[in-house]
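Heavy atoms only: backbone and side chains are in, while hydrogens, waters and symmetry mates are out. Counting begins at 1 with the first residue of the sequence. The structure displayed is predicted, hence computed values, not measured ones.
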Amino acid sequence: MKKAAAKTTKTAAPKKKTTTAKSAAAAPKTAKKAAKPAAPKADKKTAKPAAKKAAPAKAASKAASKAKAAEKAPAPAKAKPANVGQAPRKTTLAASIPTPSTTPPKDAPQADAKASENTQASSTAKQDFKVNDKIVYPAHGVGKIINLEKQQVAGIAIELFVIDFDQEKMKLRVPTGKAKAAGMRPLSDDKTVKDAIGTLKGRPRIKRTMWSRRAQEYDAKINSGDIKLVAEVVRDLYRGEDQPEQSYSERQLFEAALDRMAREVAAVRKVDLGKAIEELEGVLRKKTAAAAAAANAS
């Protein structure tokens with residue numbers, strides 16, 4: 001009985017040891033499990049607001065540093081007003097600034113050359129044209145120089161021919177130095193007038209182009225200032241009684257060319273404008289009559 005009790009006691013003791021050991025081993029596991037979820041939950045909740053609080057703190061620190069840097073930066077220099085009525089200050093830069101020289105610029109020789117050319121042209125023009133002379137200006141025809149004026153333009157004295165166009169009732173002022181460049185010329189001589197009248201006796205030379213193109217060419221000839229070119233326009237645009245009628249634009253150009261040519265012929269021969277026109281129209285009529293007689297004879 002005592003042996004059996006001893007055995008039972010021996011066997012029971014280790015059982016208690018195992019249960020206590022198992023509970024002791026399980027205790028740290030449960031403690032670890034309990035510690036693991038508790039710690040991160042507390043960290044997440046506390047870390048996020050801490051980070052949110054840290055961000056405005058950093059922004060505030062940056063703004064404070066910028067404000068300090070702006071305070072330390074030097075203020076922009078204000079423009080000083082000019083010292084009115086005071087002597088200029090002597091500085092070291094005054095020696096480096098070049099003083100204005102009295103030598104003429106590079107363009108001065110060219111300007112002098114142009115001025116000399118203009119003076120020479122005006123002097124020759126004054127020799128060729130004089131007051132009370134009749135001249136021919138390309139765009140207006142025959143005119144008369146009535147005066148020689150001097151005007152100040154941009155501080156420069158300029159001499160001008162004052163030309164009166166009685167037919168158009170207008171006055172034109174032309175610089176003496178640019179009179180020939182503008183196409184102004186004296187009246188034609190007798191030989192040139194005869195050659196121009198001989199041009200009227202020739203055959204018309206009409207180009208086979210559009211009327212707008214031919215009208216431009218006729219207008220350019222009328223305003224060329226050459227009496228022979230004007231005579232060509234009169235010859236080409238003349239229509240006799242037995243010929244087809246002219247259009248309105250053709251009639252206008254013909255009358256302008258006839259008037260321009262007759263005015264110069266009248267000035268050269270010192271006759272009335274009406275007589276000069278009759279002479280030119282008589283030449284044109286004789287030409288058409290001769291051409292008609294030749295056509296009938298054939």
Side-chain angles (χ1 to χ4, degrees), residues 125-148 161-174 176 179-180 182-205 217-243 245-246 248-293:
K126 285 189 288 185
Q127 291 177 0
D128 295 335
F129 306 106
K130 297 179 181 179
V131 180
N132 296 326
D133 285 352
K134 288 187 177 181
I135 54 89
V136 176
Y137 197 80
H140 303 288
V142 178
K144 183 179 180 181
I145 300 175
I146 59 174
N147 197 5
L148 185 65
F161 286 122
V162 182
I163 306 169
D164 181 30
F165 296 94
D166 190 19
Q167 187 79 10
E168 298 179 357
K169 296 181 180 179
M170 64 170 290
K171 291 181 181 179
L172 183 68
R173 286 171 173 79
V174 181
T176 56
K180 287 190 174 181
M184 194 170 101
R185 64 173 179 84
L187 293 174
S188 302
D189 52 6
D190 292 333
K191 184 180 181 303
T192 305
V193 171
K194 287 180 181 179
D195 293 340
I197 293 173
T199 303
L200 300 179
K201 299 176 182 179
R203 256 181 150 182
R205 298 178 182 178
E217 293 179 358
Y218 291 149
D219 189 64
K221 287 182 178 181
I222 292 170
N223 294 321
S224 66
D226 190 350
I227 190 172
K228 292 181 181 179
L229 295 178
V230 178
E232 290 179 2
V233 179
V234 176
R235 177 198 64 193
D236 295 343
L237 293 179
Y238 176 73
R239 296 288 183 274
E241 294 179 356
D242 56 343
Q243 291 178 342
E245 294 183 358
Q246 293 175 324
Y248 178 75
S249 56
E250 285 180 340
R251 186 67 184 174
Q252 276 190 325
L253 286 173
F254 171 74
E255 289 178 355
L258 182 64
D259 180 72
R260 189 70 59 86
M261 183 177 179
R263 285 168 64 182
E264 188 165 1
V265 171
V268 171
R269 296 185 175 179
K270 297 179 180 180
V271 295
D272 295 334
L273 179 62
K275 289 182 179 180
I277 292 175
E278 286 179 4
E279 180 183 357
L280 298 179
E281 287 181 344
V283 173
L284 293 170
R285 282 194 294 269
K286 286 180 181 179
K287 179 188 72 171
T288 54

Subject >> Met184 side, atom CE; Ile145 side, atom CD1 - distance, nearest 0.5 Å >> reply: 4.5 Å
Original post:
If you look at every heavy atom in Ile227 and Ser188, which pair is closest and at what distance?
Top reply: CG2-OG, 3.9 Å
Subject >> Gap separating the CD1 atom of Ile163 from the CE atom of Met170, nearest 0.5 angstrom >> reply: 9.0 Å
**OP:** Test Val234 against every option in Leu258, Ile222, Leu280, Ile197 by the side-chain contact (heavy atoms from CB on, under 4.5 Å) rule and name the one that passes.
**Re:** Leu258
Subject >> Aromatic ring pairing Tyr137/Phe165, orientation class (parallel under 30°, perpendicular over 60°, tilted between) >> reply: perpendicular
**OP:** Before giving the answer on side-chain hydrogen bond (donor to acceptor under 3.5 Å, both in side chains), spell out for Asp189 and Thr192 the whole-Å C-alpha distance, their side-chain angles and the decisive distance to 0.1 Å.
**Re:** CA-CA 6 Å; Asp189 52 6; Thr192 305; 2.4 Å; yes
**OP:** Check salt bridge (Lys or Arg N to Asp or Glu O under 4.0 Å) between Glu168 and all other residues, then give those that pass, not counting sequence neighbours.
**Re:** none
What donor-acceptor contacts under 3.5 angstrom involve side-chain atoms of residues 265-278, with partners at least two apart or in another chain?
unit_1 : atom_1 : unit_2 : atom_2 : d
Arg269 : NH1    : Glu279 : OE1    : 2.9
Arg269 : NH1    : Glu279 : OE2    : 2.3

Side chains of residues 284-291: which donor-acceptor partners sit under 3.5 Å, not counting sequence neighbours?
unit_1 : atom_1 : unit_2 : atom_2 : d
Lys287 : NZ     : Leu200 : O      : 3.3
Lys287 : NZ     : Gly202 : O      : 3.3
Thr288 : OG1    : Leu284 : O      : 3.4
Thr288 : OG1    : Arg285 : O      : 2.8

**OP:** Sequence neighbours left out, what pairs pass salt bridge (charged side-chain N to carboxylate O under 4.0 Å, His left out) with at least one residue falling in residues 254-266?
**Re:** Arg185-Glu264, Arg251-Glu255, Asp259-Arg263
Subject >> Separation between CG of Leu172 and CG of Asp164, rounded to the nearest 0.5 Å >> reply: 10.5 Å
Subject >> Student check: side-chain heavy atoms of Phe254 and Val233 closer than 4.5 Å >> reply: no
**OP:** I would like to know whether Leu187 and Val193 meet side chain to side chain contact (heavy atoms under 4.5 Å, CB included); could you show each step before the answer?
**Re:** CA-CA 10 Å; Leu187 293 174; Val193 171; over 6 Å; no
Original post:
Do you know the tightest heavy-atom contact between Pro138 and Ala182?
Top reply: CG-O, 3.6 Å
Original post:
Which pairs count as salt bridge (charged side-chain N to carboxylate O under 4.0 Å, His left out) when at least one residue sits in residues 130-146, sequence neighbours excluded?
Top reply: none
Subject >> Qualifying side chain to side chain donor-acceptor pair (under 3.5 Å) pairs, either residue in residues 231-240, two or more places apart >> reply: Lys221-Glu232
Original post:
Which atom pair, heavy atoms only, marks the closest approach of Ala196 to Ala231?
Top reply: O-CB, 3.4 Å
Subject >> Closest non-hydrogen atom pair between Ala257 and Val230, with its separation >> reply: O-CG1, 3.3 Å
**OP:** List the steps and the verdict of salt bridge (charged side-chain N to carboxylate O under 4.0 Å, His left out) for Asp195 and Lys191.
**Re:** CA-CA 6 Å; Asp195 293 340; Lys191 184 180 181 303; 3.3 Å; yes
